[in-house]
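Here's the structure we're looking at; comments come further down.
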Amino acid sequence: MQVPAHFEYERATSVDHALALLAKWGSEARVVAGGHSLIPMMKLRLARPEALVDINDLGELAYVRLDGDVLAIGAMTRHADLLASPLVGEHYPIFHDAEKVIADPVVRNRGTVGGSLCQADPSEDLSAAFAAVDAVAVIRTPAGTRRVPVREFHTGPYETVVAPGELLTEIAVPIRPGGGSAYEKVERRVGDWAVAAAGAAVWLDGDTITDAGIGLTAVGAAHFHAPEAEEYLRGSPATDTSLVEAGRIAAEHCEPVVDQRGPADYKRHLAGELTVRALRRAVARASGRA
């Protein structure tokens, strides 16, 4: 039987209360939202926090809304709510694409957007999607609020810039005209972690790509994105030749590892192919063809 080590448990009633509890327990505390990743790790004793701070009652952090030219997503937004949001579908269909292939309905009904980002699993889907659209993480600290680009949010496997005593409260996604986005994933079975996955966002001016974002997961891409391929696409024609070359560049700069999901060469091939597929759909959406 898998049983966690002893831990204390406290339930937060507000963001300020959560910050106070985190200050009380210091670096030995962990925040629990959906718990689908943390609790299994505790049962295996891969994680042994001295205290859990439960933030499931913080409805103030569960929202998807427009704040001017920003799509604001609360950290306690459930996966199912992100998938169901018409605002998300209108402005960034990449998130609907990604949420459809995250786990299963049971997990999506309970798991949270913020929890997924903070778990920082190298195969996590939303990390790549938010990297592709150049989102910003909003973090509450005892002294106030700080904002960190999602592309700087993850410092390594299962590690983020969120320090002890801090709490991720929101992910802000800038809304820009002329864009399209998409997400592609290969998994061993429905609901599994990705063997490889790619997200893409592009902005067009006529037939020219003015800007592009590419997110990658499970293939060893630093900070979940492909800056070299993005740079190549800026100013390039929105042709299949350009998209295929961007996929090649993205794959070239990956560092996939061999594991039970496949050899490195296979994952590198998938990184390139899925990048091209995501770019094709993103361009089609940006140009109104999909």
Side-chain angles (χ1 to χ4, degrees), residues 64-73 82 85-100 113 117 125-138 147-153 170-185 197-217 221-253 271-290:
V64 178
R65 66 190 182 213
L66 289 180
D67 287 344
D69 58 355
V70 170
L71 179 66
I73 302 169
L82 193 66
S85 169
L87 275 177
V88 170
E90 177 185 356
H91 294 287
Y92 281 106
I94 185 175
F95 296 120
H96 281 184
D97 294 344
E99 287 290 5
K100 289 175 183 176
V113 172
L117 284 179
D125 293 285
L126 287 185
S127 296
F130 280 116
V133 301
D134 209 10
V136 174
V138 181
R147 301 169 70 86
V148 179
V150 164
R151 295 181 175 198
E152 300 172 12
F153 184 78
E170 180 181 288
I171 304 92
V173 187
I175 296 173
R176 299 156 55 189
S181 61
Y183 193 77
E184 296 282 348
K185 176 179 179 177
V202 297
W203 289 266
L204 303 180
D205 182 2
D207 294 327
T208 300
I209 299 172
T210 58
D211 201 2
I214 297 173
L216 295 169
T217 195
H223 301 288
F224 292 94
H225 76 117
E228 298 85 1
E230 295 170 351
E231 183 60 30
Y232 165 79
L233 283 172
R234 294 185 185 104
S236 296
T239 62
D240 206 57
T241 299
S242 297
L243 307 188
V244 169
E245 177 62 11
R248 185 196 67 77
I249 295 171
E252 179 184 0
H253 288 86
E273 178 61 29
L274 295 177
T275 295
V276 174
R277 293 182 190 179
L279 284 168
R280 284 171 177 157
R281 281 212 293 156
V283 166
R285 286 169 171 171
S287 58
R289 301 195 306 269

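Atom CZ of Arg65 and atom CD1 of Ile73 lie 11.5 Å apart (nearest 0.5 Å). Rounding to the nearest 0.5 Å places CG of Leu233 at 12.0 Å from OG1 of Thr208. Taken from CD in Glu99 to CG in Leu82, the straight-line distance is 4.5 Å, to the nearest 0.5 Å. Here the CD-CZ distance, from Glu273 to Arg248, works out to 14.5 Å after rounding to the nearest 0.5 Å.
Legend: residues meeting side chain to side chain contact (heavy atoms under 4.5 Å, CB included) with Ala278, ordered by chain and number and at least two apart, are Glu184, Ala200. In this structure, Phe153 has no ring-ring contact (aromatic ring centres under 6.0 Å, His included) partners at least two apart in sequence or on a different chain. Qualifying salt bridge (Lys or Arg N to Asp or Glu O under 4.0 Å) partners for Glu90, counting only residues two or more places apart in sequence or in other chains: none. Annotation: side chain to side chain contact (heavy atoms under 4.5 Å, CB included) contacts of Pro237 (sequence neighbours excluded): Thr239, Ser242. Legend: residues meeting ring-ring contact (aromatic ring centres under 6.0 Å, His included) with Phe130, ordered by chain and number and at least two apart, are Phe95.
Residues Val283 and Ala238 approach most closely at CG1-CB, 4.2 Å, considering heavy atoms. For the pair Arg285 and Pro93, the tightest heavy-atom approach, listed with the atom from each and the gap, is NH1-CB, 3.6 Å. In terms of heavy-atom proximity, Ala131 sits nearest to Val150 at N-CG1, 4.0 Å. Minimum interatomic distance between Ala128 and Tyr183 (heavy atoms only, all atoms of both residues): CB-CE1, 4.2 Å. Between Ala197 and Asp125, the shortest heavy-atom distance links the atoms CB-OD1, 4.2 Å.
Note on residues 127-138: pairs passing salt bridge (charged side-chain N to carboxylate O under 4.0 Å, His left out), not counting sequence neighbours, are Asp134-Arg151.
Distance alone, capped at 3.5 Å, places no donor-acceptor pair between the His225 side chain and the Ala221 backbone. Here the side chain of Thr210 pairs a donor or acceptor atom with the backbone of Trp203 at under 3.5 angstrom.
Other residues, nucleotides and ligands contribute only 12 or fewer heavy atoms inside 6.0 Å of the CG atom of Asp207. The number of heavy-atom neighbours closer than 6.0 Å to CG of Asp205, taken from other residues, nucleotides and ligands shown, is 12 or below.
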